[in-house]
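Right, one structure below, let's go through it.
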Amino acid sequence: MSTNATQFRSKIGLIAATVGSAVGLGNIWRFPAVAQENGGSAFLLVYVVCVLLLGIPVMVAEFALGRAGRTDVIGAFARVTPRRRPWAAVGVLSVLTSALIAVFYLVVTGWTVEYLWQSLSGDLFNGVSHTGSDVGYFHAKMHDYIQTDRLPMIFTVVAATMNMGVLLAGVGKGIERLSNVLMPLLFVLLGVFCVVSLTLPGASEGLEFFFKPDFSKVTASTWLAGLGQAFFSLSLGMGILVTYAAYYPARTRLVRTAIIVATCSVLVAIMMGVVIFPAVTSFGLMDHGIAGTTLVFVTLPEVFTYLPASSLWSSMFFLLLAIAALTSTVSITEVATRCLQDRLGWTRRRAVWSLMLPLIVLSGICSLSFSSLDWLTLGGLNMFNFLDYLTADFMLPIASLGLCLYVGWVAPRKLLLHEMTNNGKFRSLLYKPVLLIIRYLAPVLIALVLISPFI
Ligand code: PHE
């Protein structure tokens, strides 16, 4: 087993890279939709509780395993407990999960790059009438841009190639440098959108919807949704945090890092709510749908037509999305890259090419899920939706459950303590609560999420 000496170069860089992974389309376009369905800010509260109570402790557990292992996610299990080989299966599952997520996430990243391109070129707004609603027009555009063969495939390949470029440049010069530039830019862009949205006429109504909790909508399923959202938005169960933590220096404080990363992730979700809800209510588009693709590709472009310089706003928005998506896909493809390097002793170059070429082909095929290959379904779901469902509802929770059981019960007790206190350099008041959560609370709740579709 090779020892991995790669490390992030600075504290700010390692935080930027980890935040870059966590802040993705999960926070930006999944969150407002799930929040709307589950009672606005009541869901926000549920989500924040899930992040604090479970998200941060599980994140600390992933960091601890990663930094103790100092290798890829499969190797980490083997190194920490050489005699408990079967547990490495949890690592294998994480690698598989991350690779499958990469397949469809690259397609979405491609869409965001395509919309960025079409906004910059002005094509997105070429046919708007400016008299009354252009919702129908944007639906037609969405069809042209993401429900045909050629363009989505081209832009999926573009996104995957950019992703590959970053991986080839390496952890310090690629991932860390990219994150150092793009993450501050993402927050600036989001800040600008918050200001614009808050100054729209009638913004307060949207804010009220988002911030005035409707507890009558909070049911058991809201909690399950909050838990799922917390895990996805913090990139848990994908092997990413284990892999990245292997690049953390020995002096990095894991709990503090987890709190910073989780705070940034929650902050982005809240800021996104502040952008979306006033914008949508201000133009009377709430009933029109703020779910998923409709929100991003139809409702928001419609909002932009009401603003002067629509193309500029639209370009900025899709740049924001593309940044969020790219820094996430980079992190998820790093999981298998590191694995190929450390398991097979390959050079980084060879590992990146061997991973990305098949991925480019697979995501290219997946990009046809809404066009030529829409007949290819499993359980009524096209390829894209099937991968999403399989990973989010089954593979991610199982991998997280395995990880909690492993760190809580199987790995040597001192692993978590040593990593949380940097080998006893300071005391950690949170050690006991984190251990209890990892051992009991998290496994029980994750198991509930897993079985909930069947009861
Ligand atoms: N936290 C990420 C998000 O919100 C999850 C993710 C990471 C998804 C990497 C895909 C790839 O989007």
Side-chain angles (χ1 to χ4, degrees), residues 15-35 47 50-51 54-56 58-59 62 73 94-112 156 159-160 162-163 166-167 175 178-179 182-183 186 190 225-244 258 260-273 292-293 296 320-338 355-356 359 362-363 366 384 387-393 395-397 399-400:
I15 288 179
T18 316
V19 171
S21 169
V23 170
L25 301 176
N27 310 59
I28 295 195
W29 98 32
R30 195 167 181 269
F31 177 77
V34 188
Y47 167 66
C50 290
V51 166
L54 289 161
I56 293 179
V58 177
M59 191 183 255
E62 291 209 15
V73 59
S94 303
V95 176
L96 274 179
T97 310
S98 64
L100 289 181
I101 294 179
V103 172
F104 71 88
Y105 211 90
L106 279 170
V107 176
V108 192
T109 310
W111 295 343
T112 63
T156 299
M162 294 190 324
N163 190 99
V166 181
L167 289 184
I175 301 177
L178 178 90
S179 313
L182 293 188
M183 280 300 111
L186 178 135
L190 206 48
L227 199 62
Q229 179 65 16
F231 271 65
F232 191 83
S233 76
L234 297 179
S235 299
L236 300 177
M238 306 176 186
I240 297 177
L241 302 176
V242 180
T243 306
Y244 271 19
I260 295 175
V261 173
T263 307
C264 288
S265 188
V266 170
L267 195 65
V268 168
I270 295 179
M271 287 170 90
M272 210 47 208
T293 42
V296 177
L320 171 76
L321 281 191
I323 291 174
L326 186 69
T327 47
S328 292
T329 59
V330 163
S331 72
I332 211 158
T333 46
E334 175 67 17
V335 174
T337 302
R338 170 54 54 196
L355 171 73
M356 289 310 292
L359 257 187
L362 288 176
S363 41
C366 185
F384 182 101
L387 285 177
D388 183 9
Y389 169 71
L390 178 72
T391 50
D393 287 24
M395 297 175 78
L396 283 181
S400 297

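Everything numeric in this text was worked out from a predicted model, so none of it was measured. First listed ligand is number 1; within each ligand, the first listed atom is number 1.
- Residue Tyr105 holds its OH atom at 12.0 Å from OG1 of Thr333, rounded to the nearest 0.5 Å.
- Not a single heavy atom of Val23 sits closer than 4.0 Å to an atom of ligand 1.
- Among protein heavy atoms, atom 1 (N) of ligand 1 sits closest to Ala22 O, 2.7 Å.
- Residues Val296 and Trp111 fail the side-chain proximity criterion, which asks for heavy atoms closer than 4.5 Å.
- For Ile332, every heavy-atom contact with ligand 1 shorter than 4.0 Å involves the side chain, none the backbone.
- You'll find the side chain of Tyr244 stays beyond 4.5 Å of the side chain of Ser235, heavy atoms only.
- Atom numbering of ligand 1 starts at 1 in the shown order; those under 4.0 Å from a heavy atom of Gly26 are 3 (C), 4 (O), 12 (O).
- Evaluated for a side chain to side chain contact (heavy atoms under 4.5 Å, CB included) with Met238, the options Leu396, Val335, Thr243 yield exactly one hit, Leu396.
- Ser328 O, 3.2 Å is the protein heavy atom nearest to atom 9 (C) of ligand 1.
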Query raised in the report: Is there a side chain to side chain contact (heavy atoms under 4.5 Å, CB included) between Cys366 and Leu387 once you walk through the steps?
Result: CA-CA 9 Å; Cys366 185; Leu387 285 177; 4.3 Å; yes
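- Near Ser233, the atoms of ligand 1 lying under 4.0 angstrom from a non-hydrogen atom of the residue are 1 (N), 4 (O).
- From the protein, the heavy atom lying nearest to atom 8 (C) of ligand 1 is Tyr105 CE1, 3.3 Å.
- When each atom of ligand 1 is checked for a heavy atom of Ser21 under 4.0 Å away, the hits are 1 (N), 2 (C), 7 (C).
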**Report entry** side chain to side chain contact (heavy atoms under 4.5 Å, CB included) between Ile270 and Phe31, worked out
**Finding:** CA-CA 9 Å; Ile270 295 179; Phe31 177 77; 5.7 Å; no
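- Each of the following atoms of ligand 1 lies closer than 4.0 Å to a heavy atom of Ser235: 1 (N), 2 (C), 5 (C), 7 (C).
- The side-chain heavy atoms of Thr391 and Phe104, taken from C-beta on, include a pair separated by under 4.5 Å.
- From Ile260, atom CD1 reaches atom CG of Leu267 across 13.0 Å, with rounding to the nearest 0.5 Å.
- In summary, the atoms of ligand 1 found under 4.0 Å from a heavy atom of Ile101, numbered by their order in the structure, are 10 (C).
- Close contacts between ligand 1 and Asn27 involve ligand atoms 4 (O) [criterion: under 4.0 Å to a heavy atom].
- Ligand 1 has no atom lying under 4.0 Å from any heavy atom of Arg30.
- Distance from atom 5 (C) of ligand 1 to its nearest protein heavy atom, with residue and atom name: Phe232 O, 3.3 Å.
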Query raised in the report: Could you walk me through whether Met183 and Ile323 pass the side chain to side chain contact (heavy atoms under 4.5 Å, CB included) check?
Result: CA-CA 8 Å; Met183 280 300 111; Ile323 291 174; 4.2 Å; yes
